[in-house]
Amino acid sequence: MKDSPVFGGFWVFFFLLTCCSLATSYDGPLYDFTAYTECKAQPEGPLYQGGILKDESPILRPSIIGETATGFYTPAFVLQNLTMGNVYCFSTWIKIQGSNSALIRASLKTENRTYDCIGTVLAKDGCWSFLKGGFVLDSPSNLSLLLFQNSDGKDIDITIASSSLQPFTDEEWRINQQYIINTQRKRAVMIHVSDLQGNRLQGATITIDQVSKDFPFGSAIAHTILGNLPYQKWFVERFNAAVFENELKWYATEPDQGKTNYTTADHMLEFVRAHQIITRGHNIFWEDPKYTPAWVRNLTGPELQAAVNSRIQSLMSKYKEEFIHWDVSNEMLHWDFYEQRLGPDATLHFYETAHQADPLATLFMNEFNVVETCSDVKSTVDTFIERIRDLERGGMYMDGIGLESHFTVPNLALMRAVLDKLATLRLPIWLTEVDISSKVGKELQAVYLEQVLREGFSHPSVNGIMLWTALHPKGCYEMCLTDENFKNLPAGDVVDNLLKEWETGEIKGVTDEYGSYSFYGFLGEYKVNVGYGNRTVESTFSLSRSDETKHFSIHL
């Protein structure tokens with residue numbers, strides 16, 4: 001699939017110049033979403049013209065495997081006077097010799113600590129591969145080393161070219177995020193008001209309300225929401241999307257072979273359907289044997305194949321066209337229970353069968369430790385991309401990318417770089433299970449959650465965000481938004497504040513001498529009320545993503 005940048009600097013500048021006051025005050029760097037996932041004969045030019053690495057040459061240092069020098073050399077950059085709190089985005093092209101392929105890991109060593117992984121690329125022999133990543137310092141550094149090493153334990157030579165390192169202050173990062181929100185999550189609207197003869201009406205009063213949002217923002221729910229009216233009220237007031245935490249998993253619906261029970265899931269579906277909430281299907285298969293029904297683990301060969309076919313047909317025929325997505329083979333980069341027993345094409349068979357059963361559902365590959373970190377060698381961004389491409393070559397389509405997003409301390413530069421590379425696949429991308437580890441405490445959970453949500457909402461290729469915050473009597477998986485009385489915890493305040501920030505709210509105004517009124521609104525459905533003299537009229541219109549102004553005419 002051909003690589004291309006999502007957005008270039010020109011469009012950022014054009015937006016700043018024409019749409020907001022930032023053009024007069026902002027002269028900082030503009031984020032470059034360019035990413036490549038194909039190995040190229042020659043490297044492309046550096047992003048940001050190299051940034052602070054412009055005209056800098058890497059040093060060569062001995063490659064270390066364990067405690068021993070290998071005799072090979074790896075490139076590194078010496079960095080001076082890095083600033084705490086800045087977001088540093090880097091990229092480079094990498095070529096290897098001595099192996100057909102190797103996972104190359106970028107790391108950063110400062111006086112105080114080592115950032116073990118701040119970017120990876122699965123490099124191939126004989127061509128140039130693009131590594132994109134970044135870091136945020138938790139303390140200032142007078143002297144640092146940015147180095148690129150083989151993480152596979154193989155002796156290879158590494159060559160780099162077109163390297164770039166671009167710092168962003170926190171304010172600059174926020175401005176760049178807001179640009180994307182303004183251009184991708186909002187749209188300009190021009191409302192024209194005239195009488196039945198077509199005469200423009202100046203001074204007509206206009207009231208505009210956003211009645212629904214286009215961007216899906218939701219949370220996991222569990223059976224605990226059934227019959228719990230306060231919980232239901234709290235959920236419906238906030239979210240337009242849901243996912244069942246465990247109630248559709250195989251061990252929940254068929255704990256004993258041949259005895260399926262969908263009663264709980266049915267009741268939960270009635271709840272979301274009654275409130276017009278879209279819902280993800282999670283999941284058909286979970287590759288982790290620990291969460292595979294015990295009776296399934298005892299099957300092999302034709303018996304196992306019959307069981308998985310029955311599982312797909314039973315689940316998908318019962319809920320055909322009910323769920324917008326299905327996580328078909330959950331966490332398949334970390335485990336391969338079914339492929340070990342049914343062969344390398346088992347997963348492709350799952351997708352093919354699921355698509356035949358529900359052709360309009362988008363079929364997701366859902367995985368953890370893709371955007372959360374790059375230290376997990378099983379789920380690097382290139383490993384994810386290769387797996388999707390393998391399945392697509394086998395005939396899979398109607399597919400999507402599910403990023404679980406279970407964070408401890410988020411690395412925003414890495415998160416964005418990974419999203420940039422995944423965006424080259426041009427598939428739907430969702431953050432499917434967002435939470436922050438309870439290890440950091442409730443206050444930091446809120447801080448990190450806001451960072452992750454802003455990063456997801458402001459990336460142009462993210463189509464939806466789901467929190468993993470289903471409430472149980474003893475709490476939540478890792479992060480709750482409220483206590484048992486639905487009083488907000490710090491993370492709940494973050495969600496409520498962002499939901500309010502990311503909606504248009506009520507707008508009041510009057511038409512100008514051209515009989516027109518304009519505004520910028522978040523994508524979604526709107527109700528508009530227009531009054532002139534003793535005449536009033538109410539109408540509705542939709543805002544969908546487009547670079548064009550939405551023109552809407554009303555006659556009184």
Side-chain angles (χ1 to χ4, degrees), residues 1 3 35-40 91-96 99-107 116-125 127-134 148-154 156 158 283 285-288 327-340 344-348 350-351 363-394 396 399-407 411 414-433 461:
M1 190 172 293
D3 298 304
Y36 306 90
T37 51
E38 299 286 359
C39 211
K40 291 179 175 284
S91 61
T92 192
W93 288 85
I94 289 182
K95 190 175 184 179
I96 62 170
S99 176
N100 289 332
S101 66
L103 181 65
I104 305 302
R105 174 182 294 181
S107 57
D116 178 57
C117 187
I118 53 175
T120 61
V121 68
L122 191 59
K124 296 179 175 61
D125 183 33
C127 56
W128 292 88
S129 302
F130 185 68
L131 186 153
K132 193 173 191 183
F148 307 88
Q149 292 181 299
N150 174 31
S151 62
D152 294 354
K154 302 174 184 175
I156 60 172
I158 301 171
N283 50 54
F285 298 107
W286 195 345
E287 292 284 347
D288 188 347
D327 293 330
V328 176
S329 193
N330 199 49
E331 300 175 355
M332 60 186 292
L333 295 181
H334 285 87
W335 293 280
D336 58 354
F337 173 83
Y338 295 99
E339 292 196 349
Q340 280 187 8
D345 292 331
T347 303
L348 180 61
F350 294 166
Y351 280 91
L363 306 179
F364 272 66
M365 181 173 164
N366 196 48
E367 192 56 77
F368 67 93
N369 280 353
V370 181
V371 292
E372 298 96 318
T373 179
C374 61
S375 297
D376 188 340
V377 297
K378 292 184 177 180
S379 54
T380 67
V381 59
D382 291 299
T383 304
F384 197 111
I385 289 170
E386 278 206 345
R387 193 68 174 107
I388 287 181
R389 284 178 170 160
D390 284 344
L391 290 169
E392 287 181 335
R393 281 191 287 267
M396 180 185 74
D399 45 327
I401 296 169
L403 305 171
E404 292 187 14
S405 308
H406 296 294
F407 287 89
N411 177 347
L414 177 65
M415 179 181 177
R416 185 175 289 192
V418 168
L419 289 170
D420 291 348
K421 291 195 77 171
L422 291 171
T424 64
L425 294 175
R426 302 190 182 280
L427 296 174
I429 299 174
W430 280 53
L431 309 185
T432 57
E433 304 179 17
S461 295

Rounded distance (nearest 0.5 Å) linking atom [atom1] of [X] with atom [atom2] of [Y]:
X: Ser151; Y: Leu103; atom1: OG; atom2: CG; value: 3.5 Å
X: Thr432; Y: Phe364; atom1: OG1; atom2: CZ; value: 8.5 Å
X: Leu419; Y: Leu414; atom1: CG; atom2: CG; value: 9.5 Å
X: Met332; Y: Leu391; atom1: CE; atom2: CG; value: 5.0 Å
X: Ser379; Y: Glu372; atom1: OG; atom2: CD; value: 7.5 Å
X: Met365; Y: Leu363; atom1: CE; atom2: CG; value: 13.0 Å

Non-neighbouring partners of Glu386 that pass side chain to side chain contact (heavy atoms under 4.5 Å, CB included), sequence neighbours left out: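 Expected list: Leu122, Lys124.
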
Contacts of type side chain to side chain contact (heavy atoms under 4.5 Å, CB included), residue Ile104, not counting sequence neighbours: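 Checked Ile104 against side chain to side chain contact (heavy atoms under 4.5 Å, CB included); matches are Ile94, Ile96, Ala102, Val121, Ala123, Phe148, Asn150, Ile156, Ile158.
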
No-hydrogen, no-angle side-chain donor-acceptor test under 3.5 Å, Asn283 and Glu331: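 The answer is no; no qualifying pair exists.
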
Thr37-Thr424 side chain donor-acceptor pair, cut-off 3.5 Å: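 Result is yes, a qualifying pair exists.
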
ring-ring contact (aromatic ring centres under 6.0 Å, His included) partners for [X], two or more places apart:
X: Trp93; value: Tyr36, Phe130
X: Tyr338; value: Phe285, Phe350
X: Phe337; value: none

With [X] via salt bridge (charged side-chain N to carboxylate O under 4.0 Å, His left out) - residues at least two apart:
X: Asp288; answer: none
X: Lys95; answer: none
X: Asp382; answer: Lys421
X: Asp345; answer: none

Could you check if a side-chain atom of [X] sits within less than 4.5 angstrom of a side-chain atom of [Y], using non-hydrogen atoms only?
X: Val418; Y: Phe384; value: no
X: Ile385; Y: Leu422; value: yes
X: Lys132; Y: Val381; value: no
X: Leu425; Y: Arg389; value: yes
X: Thr383; Y: Leu333; value: yes
X: Glu404; Y: Asp327; value: no

Parallel, tilted or perpendicular: ring planes of Phe368 versus Trp335, cut at 30 and 60 degrees: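 Aromatic pair Phe368/Trp335 classed tilted.
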
With sequence neighbours excluded, tell me which residues meet side chain to side chain donor-acceptor pair (under 3.5 Å) with [X].
X: Thr347; result: Glu339
X: Glu367; result: His334
X: Ser107; result: none

Which atom of [X] lies closest to which atom of [Y], heavy atoms considered:
X: Met396; Y: Leu348; answer: N-CD1, 3.9 Å
X: Ser405; Y: Val371; answer: OG-CG2, 3.8 Å
X: Arg105; Y: Ser375; answer: NH2-O, 3.3 Å
X: Cys374; Y: Thr120; answer: O-CG2, 3.7 Å
X: Leu131; Y: Ala106; answer: CD2-CB, 4.3 Å

